[in-house]
Each structure stands twice: as structure tokens, then as C-alpha cells.
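One structure is given below, encoded as C-alpha cells.
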Number of protein chains: 2
Amino acid sequence: MYNDLIPAFQIGGIVAAPKGNMSYRDIKKVVLDRIQNRIWGPDSLLPGEIELAEEFSSTRTTVNRALRELAEEGFLERKRKAGTRVLHSPARKAQFAIPLVRDEITDAGATYRYSLVKREVMPAPSWLTAKLALKPDREVLHLQCMHFADNEPFQLEKRWIIVESVPEVLEADFTASGPNDWLVQKVPFSNLELSFFATKADEDTAGFMDASVGDPIFATQRTTWLRGEPVTHAVLYFTPGYKMTTRL
Amino acid sequence: MYNDLIPAFQIGGIVAAPKGNMSYRDIKKVVLDRIQNRIWGPDSLLPGEIELAEEFSSTRTTVNRALRELAEEGFLERKRKAGTRVLHSPARKAQFAIPLVRDEITDAGATYRYSLVKREVMPAPSWLTAKLALKPDREVLHLQCMHFADNEPFQLEKRWIIVESVPEVLEADFTASGPNDWLVQKVPFSNLELSFFATKADEDTAGFMDASVGDPIFATQRTTWLRGEPVTHAVLYFTPGYKMTTRL
DNA sequence: CAGTGGTCTAGACCACGCC
DNA sequence: GCGTGGTCTAGACCACTGA
């Protein structure tokens with residue numbers, strides 16, 4: 001039984017409310033503990049905020065913040081009039097930072113190097129026109145770039161930028177630094193779609209990465225809009241063996 | 001220039017503060033707009049909370065909530081004494097729900113079916129002992145299960161459960177429903193590590209999924225602890241072509 | 001050490017949504 | 001309708017940390 005894992009002093013410890021004033025963090029801890037120890041089991045209804053405020057000798061405002069954050073973290077469901085309920089499946093949410101490649105590399109203590117592989121102004125390929133619901137015959141700037149960590153291939157970036165949305169992109173110089181840096185500086189974005197998937201290295205990709213044809217490749221795809229207008233679409237191919245990790 | 005995309009009425013609209021009292025949501029919108037329109041450019045320092053509260057004819061508490069949430073969302077950095085600063089790279093954070101497979105399938109409108117492929121009590125394999133820092137010679141329950149969506153293979157689950165942490169797992173019946181369901185009901189968890197990566201289908205995996213050997217497979221890995229004790233480790237292999245997506 | 005954000009209080013009004 | 005959470009206010013004290 002999992003209770004074997006609970007040190008004796010904790011059974012009556014955290015679960016019971018300490019005396020004196022408690023911060024919203026303390027309240028979060030106690031509530032979470034009660035959920036995890038099934039004192040408030042799945043689907044059960046928690047006492048109202050006022051009642052909890054009394055128990056914790058705190059105020060409703062403070063209790064509210066604690067419960068609100070636990071709800072954001074996916075432990076509780078809150079509805080007006082209905083009250084606060086424990087979710088049966090811990091619909092926890094994972095959070096990932098979306099860093100710039102450069103930051104990702106330098107944060108890992110490696111040296112970052114960038115290289116422009118290809119630059120081409122072209123009509124939007126039909127799959128892109130369809131995906132972004134572009135008007136027909138739009139012009140796009142297509143770029144391919146490599147990002148290195150300690151001179152090892154780290155990421156291959158294929159990017160399409162809608163010229164109409166960012167005309168000045170045609171003047172930009174991408175030989176020294178990548179389009180992501182430039183876009184971040186020049187264009188705010190209001191909306192983003194992010195996907196993760198697995199693909200296999202084709203001959204082209206394998207050539208750039210330290211990979212063999214057919215190697216499994218972890219890839220992410222990002223599409224960005226500004227106030228409803230598509231700005232750019234990028235696919236990022238990671239070096240074989242890459243693993244994206246979070247803790248919570 | 002991206003300003004071309006901004007309808008004229010917005011330039012002097014959202015960016016300027018509306019009169020009257022504003023909610024924290026309104027304040028968030030205005031501040032975000034000013035960031036995106038470079039009125040408060042990257043790295044610039046925002047006015048203090050009191051000053052903003054005056055401008056928005058609101059209180060510091062309300063402004064505080066707005067700025068705090070924008071910071072959580074990755075737009076701002078806040079430090080005592082230093083003030084609130086606009087982050088140069090929109091270090092936005094992606095949030096994913098971590099649903100039960102069954103929910104993921106039924107939410108998509110498909111029919112869920114489960115099948116137990118393998119059940120085995122065994123000594124912990126050495127890689128698992130190392131990964132979870134187990135004491136030597138621990139016993140684990142190893143399970144392999146298939147999850148189907150509309151009778152199409154959707155996910156292959158390989159799971160190891162530390163018997164010592166959850167002894168009663170040996171009595172559980174996993175022929176009708178999966179170990180995840182059981183664990184969620186019986187064992188709370190306090191800590192979780194989550195990874196995403198790409199791998200290729202081996203003969204075994206390809207046999208279960210609708211896949212060929214060598215196909216790229218998107219996989220996730222979850223390790224769960226309860227109060228510092230490892231409980232279970234699972235690797236979930238998705239059917240080829242699976243793509244995980246979020247918007248923000 | 002002084003200024004900024006972090007948090008708590010006590011009270012109020014409001015809006016949503018079950019009953 | 002009416003109870004519950006959602007939010008705002010006005011004020012206070014505190015803790016961190018940069019100048």
C-alpha cells in the first residue's frame with residue numbers, strides 16, 4: 001500500500017493544518033497533500049472558500065489564490081455555484097519553455113554556431129498555401145539553416161516567411177545570424193501553433209546532420225501569426241538521439 | 001513592416017488605456033499590446049506598479065495580477081527592486097495536457113479498446129535500476145499493453161512498476177483495463193519526469209502497431225515518484241504519423 | 001539602505017449556473 | 001433565486017536585491 005511510503009510524522013503533519021497564519025503556498029501544500037492522500041478523493045467536493053479560510057485562519061482572498069493555482073495546474077475544477085471539485089484523472093499539464101535554439105545550446109554550456117545553407121525567394125508551395133490558407137500566388141522567402149553545438153550538428157531549420165506579411169525580410173541578411181533572431185526582433189507574434197512528431201532522415205537531412213538515411217529524427221513545427229495574418233512556418237529537425245524533457 | 005498589419009483603429013485604440021476602471025484582463029491586453037508594438041521594446045523597463053495603477057485608474061493589486069500572469073506566460077521578467085522588464089526573446093511557454101490514453105482517444109470521438117499483451121514479474125533490469133537509482137535486486141512488474149482507437153493500433157505501452165513501492169499491484173487485474181487507470185486510482189504521485197523523443201520501430205513494435213520495421217515512431221517516456229520513491233516507469237510508443245499539437 | 005515587487009487583510013460587489 | 005467562485009479595492013507589512 002502506498003501509505004507505507006508516508007513517514008509517520010507526515011500522516012498527521014502536513015495533512016492537518018498548522019496553526020497560525022498560512023501563506024497561499026502553505027495552503028496549496030496542505031490541499032495538495034489531502035488530495036494525494038485521498039482525504040479529498042477523486043470527484044469529491046471541497047469545502048467552500050470561506051470555510052477553508054476559517055480553517056486556515058486566513059482570508060478568502062488567500063484561499064482563493066491557492067485553489068485557483070491548483071486548478072490551473074490541473075488538480076481541481078472550479079465552477080461558480082457548483083464549488084471546487086477534485087479531478088479524478090490528474091489532468092496535469094506539462095509546461096515547456098520555447099527557447100531560441102541559441103539559448104538552448106548556450107544554456108547547455110556548449111558553443112553555438114550558425115550557418116545559412118540556402119536562401120530562395122519563391123512562390124508559396126501549394127502545401128503551404130493550403131496549410132496557412134494563403135491567397136493564391138503569394139511569394140515566400142525560403143531559408144535553410146544549420147545550428148551547431150560545439151561544432152556538432154544540432155538542428156536543421158527549414159523556414160518559410162510570407163513576404164507580404166513582412167516585406168522588409170527581403171533586405172535582411174541571414175548569413176551571420178538566423179531568421180528566428182531577426183523575426184523575434186522585428187515582428188511580434190500574437191498566435192502560435194506548435195507540433196512535435198517523429199520523422200526519418202532523408203538523404204538531404206542526413207547529409208547535414210550527423211545521421212544516416214532512415215535514422216529517426218525528432219522534429220518540431222511552428223507556425224506563427226500576427227493578428228490573424230500568417231507570418232512564418234518553420235520545421236526544426238533535431239540531431240538523432242535528441243530528447244526533450246521536463247519535470248513537474 | 002509589420003505595422004501594415006495593424007488596422008488603423010487599433011493603433012490608437014488598445015495601446016492607449018481606455019478610460020474608466022479596467023479589469024486585470026484589460027490591463028494584460030493593453031500591456032501585451034504595448035509589448036508587441038514595441039512601445040515597450042525588448043529589455044525595456046516598465047513603470048512601477050503604482051504608476052501603472054494610476055494610469056489605469058486601478059489599484060496596485062490588480063496591476064500586480066496582470067503583470068504577474070504576463071510574467072508566468074513568459075513575456076516579462078520581474079525582480080524586486082529591479083522592476084519589471086520586457087524579455088527580449090518571447091520565452092513563451094507551451095502547455096500540454098497529459099491525458100490518459102483513453103481520454104485522448106474518446107475525446108477525439110473514437111472508440112477505445114485495451115488489450116494486455118504481456119505480464120511478467122521480474123528482477124529490475126539493470127538500466128532501470130540505474131535510471132531510478134533503485135536498491136539492487138528489486139522486483140518489478142513488467143507490463144505491455146496495446147491501446148486501440150476504433151480498432152486501429154494507437155499506442156503501445158511498456159511499463160515497469162516497482163513492486164516494493166506498490167506491493168498490491170501484484171493482486172491487480174490488468175486484463176480488462178490498463179495499469180495507468182489502476183495507478184491513477186490507487187497511487188497518487190508527487191513528482192513526474194516527462195520526455196519526448198523519436199525512435200524507430202523494431203520488429204516487435206512494428207508487429208503490434210500498423211507499422212513497418214524502421215518506421216519513425218514518436219514516443220514519450222514518463223517516470224513517476226511518490227515522495228521521492230520511484231513508483232513506475234513507462235514508455236509509450238505512438239502509431240506512425242502521430243503528431244502532438246498545441247496552440248497558444 | 002531604499003525601492004520594488006510579493007503577499008496578506010477585510011470587505012465589497014458581481015456574474016455565473018445549479019436548483 | 002441564490003450560493004459559489006471571480007474580481008476589485010484600499011491599505012499595510014515584508015523580503016529581496018540592486019545601486
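All chains are named by letter (A, B, ...) in the order of the sequence lines, taking the proteins before the strands, and each is independently numbered beginning at 1.
Rounded to 10 degrees, the angle separating the terminal helix axes of the helix from dC1(C)-dG18(D) to dC18(C)-dG1(D), each built from five base pairs, is 20°.
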Q.
Would Tyr114(A) and Phe148(A) count as a ring pair (Phe, Tyr, Trp, His ring centres under 6.0 Å) here? Give the steps.
A. CA-CA 6 Å; Tyr114(A) 162 83; Phe148(A) 297 88; 9.2 Å; no
Q: For salt bridge (Lys or Arg N to Asp or Glu O under 4.0 Å), just list the numbers for Arg60(A) and Glu49(A), CA-CA rounded to whole Å, side-chain angles, deciding distance to a tenth of an Å, and then say yes or no.
A: CA-CA 6 Å; Arg60(A) 195 167 82 86; Glu49(A) 294 185 341; 2.5 Å; yes
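No donor-acceptor distance shorter than 3.5 angstrom exists from the side chain of Thr62(B) to the backbone of Ser58(B), with no hydrogens or angles considered. The backbone N or O of Gly41(A) lies less than 3.5 Å from a partner atom in the side chain of Ser44(A), making a donor-acceptor pair. Side chain of Asp26(A) to main chain of Ser23(A): a donor-acceptor pair is present (N/O by atom type, distance under 3.5 Å, no hydrogens or angles).
Along DNA chain D, the nucleotide closest to Thr61(A) and the one closest to Ala82(B) are compared, and the more 5′ of them pairs with Thr61(A). The nearest heavy atom of DNA chain D to Asn64(A) and to Lys81(A) marks one nucleotide each, and the one closer to the 5' end goes with Lys81(A). Position along DNA chain C of the nearest nucleotide to Tyr24(A) versus Arg60(A) favours Tyr24(A) as the more 5'-ward residue.
In this structure, Leu70(B) atom CG and dG5(C) atom C1' are separated by 15 Å, rounded to whole Å. One atom, CZ of Arg78(A), and another, C1' of dG17(C), lie 15 Å apart when rounded to the nearest Å. dT4(C) atom C1' lies 14 Å from atom CD of Glu77(B), rounded to whole Å.
Separation of atoms CG (Leu236(B)) and CD (Gln155(B)) is listed at 4.0 Å; rounding is to 0.5 Å.
Remark: Leu45(B) CG is packed, more than 12 non-hydrogen atoms of other residues, nucleotides or ligands lying under 6.0 Å away.
Within the 4.0 angstrom heavy-atom criterion, no nucleotide atom of any strand lies near Arg85(A). Residue-level contact check: Arg68(B) touches neither bases nor backbone, having no heavy atom under 4.0 Å from any strand.
Partner Phe75(B) forms a side-chain contact (heavy atoms from CB on, under 4.5 Å) with one of Val31(B), Val86(B), Leu32(B), Leu87(B) and no other, that one being Leu32(B).
Between Phe238(A) and Phe154(A), the gap from one ring centroid to the other is short of 6.0 Å.
Think of the region where chain B sits on DNA chain D: with heavy atoms and a 4.0 Å cut, that region ends 5' and 3' at dT7(D) to dG18(D).
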